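For reference, the structure discussed in these notes is given below.
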Amino acid sequence: MNAPAPQQDYLARLNPEQRLAVETLDGPLLVLAGAGTGKTSVLTTRFAHLLMTGRARPWQVLAVTFTNKAAREMRERVATILGQPAEGLWLGTFHALCARMLRRHAEIVGLKSNFTILDTDDQMRLLKQIMEAAGGIDSKRWPAQGLMAVIQRWKDRGLTPARITPAEDSDYANNRARALYDAYQRRLIELNAADFGDLLLHVTEILRTRADILADYHRTFRYILVDEYQDTNLVQYLWLRLLAQNEDPTRRNICCVGDDDQSIYSWRGAEIENILRFEKDFPGARIVRLESNYRSTKPILAAAAGLIARNEGRLGKTLRAGRQDAEGDKVRVVSLWDSEEEARMVGERIEQAQRKGHPLSEFAILVRAGFQTRSFEERLITLGLPYRVVGGLKFYERAEIRDAMAYLRFLHQPADDLAFERIVNTPKRGLGDSGMRALHQAARAENIPLALAAERIAETDTLKPKPRTALRELMRGFVRWRGINEKEGHVVAAATLLDESGYTEMWKQDRSPEAPGRLENLKELLRALGDYQTLAGFLDHVALVMETDENAEAERVQLMTLHAAKGLEFDTVFLPGWEEGLFPSQRSLDEGGDKSLEEERRLAYVGITRARRTATISHAANRRIYGNWTSSLPSRFLDELPEDAIIREGQSTIRANRMADTPSVFLGQSGLMARRPRITDANPWDTRERPPRESSLTKGERVFHQKFGYGTITDIDEDRLDITFDHTGPKRVLDRFVQKASEV
DNA sequence: ACAAATATGATGGGT
DNA sequence: TCATATTTGT
């Protein structure tokens with residue numbers, strides 16, 4: 001099998017400005033890439049160009065992205081140009097690259113190279129323990145989540161506990177945050193664990209204090225490529241600057257690609273100032289602007305441009321329409337009565353367009369906040385339109401997967417107290433609060449891992465007989481499973497462990513409708529495990545990637561947040577919920593004044609520029625929030641759209657639809673006539689309106705549910721039905737909520 | 001020790 | 001409104 005030949009014409013595909021960005025190889029370079037201007041092409045072509053021209057060997061380029069998806073895409077596209085996959089690349093997310101570096105130098109910060117990367121759950125549990133141990137903190141007034149936020153912010157800024165002066169302490173828990181942070185960091189080291197922030201923090205600290213190690217990396221890296229530079233936080237910036245400030249002036253080749261107008265991650269510690277300051281930070285820097293947009297029609301670009309022009313402190317770019325067929329429909333702004341009607345409008349338009357032959361994958365509904373997806377999901381289910389929620393509940397966040405992962409972590413790393421804590425009584429082994437307290441006490445007294453304490457305590461009569469035998473059995477099991485891991489490999493060991501520990505059995509016994517799905521997920525986990533050479537490699541993958549590869553771009557409507565949509569494009573984009581308090585969000589209005597308002601506006605800009613041909617913005621006059629109806633005003637962003645790029649649509653076009661219960665509403669210039677929400681009015685899925693029906697349902701029967709669509713009954717218990725729905729999976733519902741499918 | 005009942009708070013986003 | 005945390009009951 002021959003490898004495909006490397007491409008020769010890769011430069012010819014670029015326009016002059018893109019080509020300049022690819023061929024300016026020496027010295028610092030900032031590429032300001034507007035939305036849809038071919039940023040990814042430039043980045044990947046530049047990477048391939050470095051290798052093709054012999055300027056660098058694959059391992060001499062450091063290429064950093066924010067998301068795993070971007071890293072994967074870059075890897076694939078570079079391979080396409082080269083005609084073969086490149087080996088030994090330093091290409092990955094900030095976190096993945098730092099994890100790799102930290103494993104090499106772990107001992108410098110007191111970790112072992114096999115340290116565990118903690119997830120958010122673990123962090124929280126650990127922080128709660130630390131706060132408990134510190135004593136005297138009212139956990140009602142000072143929730144652990146607050147401390148986590150404070151610590152994360154410090155880590156985002158590259159501040160180790162030692163670098164924080166008492167004066168800089170947060171007012172959290174009466175200036176005790178710094179001390180708690182210190183205790184937390186010590187405990188992490190004891191546990192041989194690092195949280196996400198630590199990956200960057202530790203590595204940056206090492207590069208700052210160990211000139212020899214920094215010099216090693218300087219010898220290695222000749223070129224640095226950074227994607228989405230506008231989203232870097234301070235510690236990421238410091239890390240990059242350390243690596244880029246090579247003693248060898250011919251190696252100060254850092255190329256950052258970004259767009260200040262798409263900086264939307266300040267809540268994660270990102271500092272837009274990093275990109276605004278680039279020329280000062282890297283003397284002799286050149287700037288190349290990419291302003292030819294090949295994605296969108298003129299009205300879409302005009303709407304986006306008019307909006308973003310309201311922001312101050314921009315580096316400044318003007319997008320030109322670059323496509324041949326850039327004429328197109330104006331951006332539609334639709335006013336609706338309530339959020340249900342909004343969902344109906346979107347569903348109907350998708351249905352209509354689909355009938356004209358447009359594939360569903362070319363429609364996207366982009367919302368401000370995750371909870372907004374629900375009303376659209378319900379509507380799409382009723383219409384029978386398949387959809388995909390991007391970034392919804394992730395595979396590795398499900399309870400059964402977390403449990404299984406804890407088993408594997410503990411198998412790999414017997415000192416992983418947090419993992420041990422999670423599994424020791426799952427399934428139930430009779431070890432409750434008092435038993436756990438005894439374990440903790442023993443561990444703390446001798447300063448040993450929980451598991452070791454458990455082994456010892458199982459030989460004494462501290463515990464009651466039942467938990468004692470169970471615990472002894474479990475610990476012996478792990479000795480055996482570790483043996484299997486050595487001899488027969490991690491896949492066999494994992495399967496045996498989940499079986500013999502009783503974990504799989506626990507879900508087999510579980511009668512709830514979700515149980516079979518959970519067992520399926522466990523099988524899927526074992527399959528995924530087989531893709532990795534070692535258990536350690538798999539654990540890292542899960543901690544850093546948190547996603548499965550099976551997210552094929554199927555024939556489905558795409559539903560996601562505006563944040564998740566960055567970098568994507570669709571023919572038709574719906575932008576619902578443009579209302580004051582929702583978008584811009586109340587929180588951004590409350591906290592940072594103009595600065596965060598500008599970030600919301602950038603988010604709106606990102607949203608509009610996702611569309612190739614059609615963009616439909618909407619707002620509803622009434623929306624249910626926390627379960628009760630609230631009326632809302634149109635977003636100020638609607639008034640900022642240039643009139644000649646948009647066309648406003650009111651209730652009139654919506655009137656034609658079949659839901660005749662919607663009262664007529666009149667539009668003013670900037671909003672809807674005020675009318676109180678119909679709190680007690682009739683509502684099509686209110687159960688009281690449904691004529692009472694004898695429950696004559698039987699197992700295996702097809703039924704219809706207003707929210708979940710069609711499904712099959714799997715079990716009946718009095719008035720409770722277990723139903724596997726075609727689109728949403730198994731659920732337990734009351735019988736009065738469903739109709740026989742034959743009666744619909 | 002575990003299940004059920006009740007209270008509380010979230011909904012801003014990802015490695 | 002829903003999901004989780006805490007309290008109460010067996």
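Please read all numbers here as calculations on a predicted model, not as lab measurements.
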For [X] and [N], give me the distance from atom [atom1] to atom [atom2], rounded to whole Å.
| X | N | atom1 | atom2 | result |
| --- | --- | --- | --- | --- |
| A/Trp239 | B/dT15 | CH2 | C1' | 13 Å |
| A/Trp629 | C/dT1 | CH2 | C1' | 12 Å |
| A/His541 | B/dT15 | NE2 | P | 12 Å |
| A/Met124 | B/dA10 | CE | P | 11 Å |

For [X], answer base if it contacts any base atom (sugar-phosphate contacts may also be present), sugar-phosphate if it contacts only those atoms, and nothing otherwise; contact means non-hydrogen atoms under 4.0 Å.
| X | value |
| --- | --- |
| A/Thr93 | sugar-phosphate |
| A/Arg374 | sugar-phosphate |
| A/Phe94 | nothing |
| A/Glu600 | base |
| A/Asn425 | sugar-phosphate |
| A/Asp433 | sugar-phosphate |

Legend entry - Nearest-neighbour nucleotide for the A/Ala564 side chain, B/dA3, B/dG14, B/dT15 considered: B/dG14

Inset, instruction - May I ask you to evaluate whether A/Ser588 reaches the phosphate of B/dG12, defined as a side-chain N or O under 4.0 Å from OP1 or OP2? - result: no

Inset, instruction - Ignoring backbone atoms, establish whether A/Arg368 has a side-chain N or O less than 4.0 Å from OP1 or OP2 of B/dG12. - result: no

Inset, instruction - Nearest 0.5 Å please: distance from the CD atom of A/Glu132 over to the CD1 atom of A/Ile130. - result: 11.0 Å

Inset, instruction - Nearest 0.5 Å please: distance from the CG atom of A/Asp227 over to the OG1 atom of A/Thr232. - result: 11.5 Å

Inset, instruction - Would you mind telling me which residue lines up with the more 5' stretch of DNA chain B, A/Thr67 or A/Phe371, judged by nearest nucleotide? - result: A/Phe371

Inset, instruction - Find which nucleotide of DNA chain B each of A/Glu599 and A/Ser434 is nearest to by heavy atoms, and output the residue with the more 5' nucleotide. - result: A/Ser434

Legend entry - Face-on cation placement of A/Arg402 at A/Tyr396 ring, 6.0 Å and 45° thresholds: no

Legend entry - Test item: A/Glu271 side-chain N/O and A/Leu234 main-chain N/O as donor-acceptor pair under 3.5 Å: no

Inset, instruction - Using the six-membered ring for Trp and the full ring for Phe, Tyr or His, decide whether A/Tyr626 stacks on the six-membered base ring of B/dA10 (centres under 5.5 Å, planes under 30°). - result: yes

Inset, instruction - Determine, step by step, whether A/Tyr265 and A/His563 satisfy the ring pair (Phe, Tyr, Trp, His ring centres under 6.0 Å) criterion, reporting the C-alpha distance in whole Å, the side-chain angles of both residues, the deciding distance to 0.1 Å, and the verdict. - result: CA-CA 8 Å; A/Tyr265 281 108; A/His563 281 89; 5.2 Å; yes

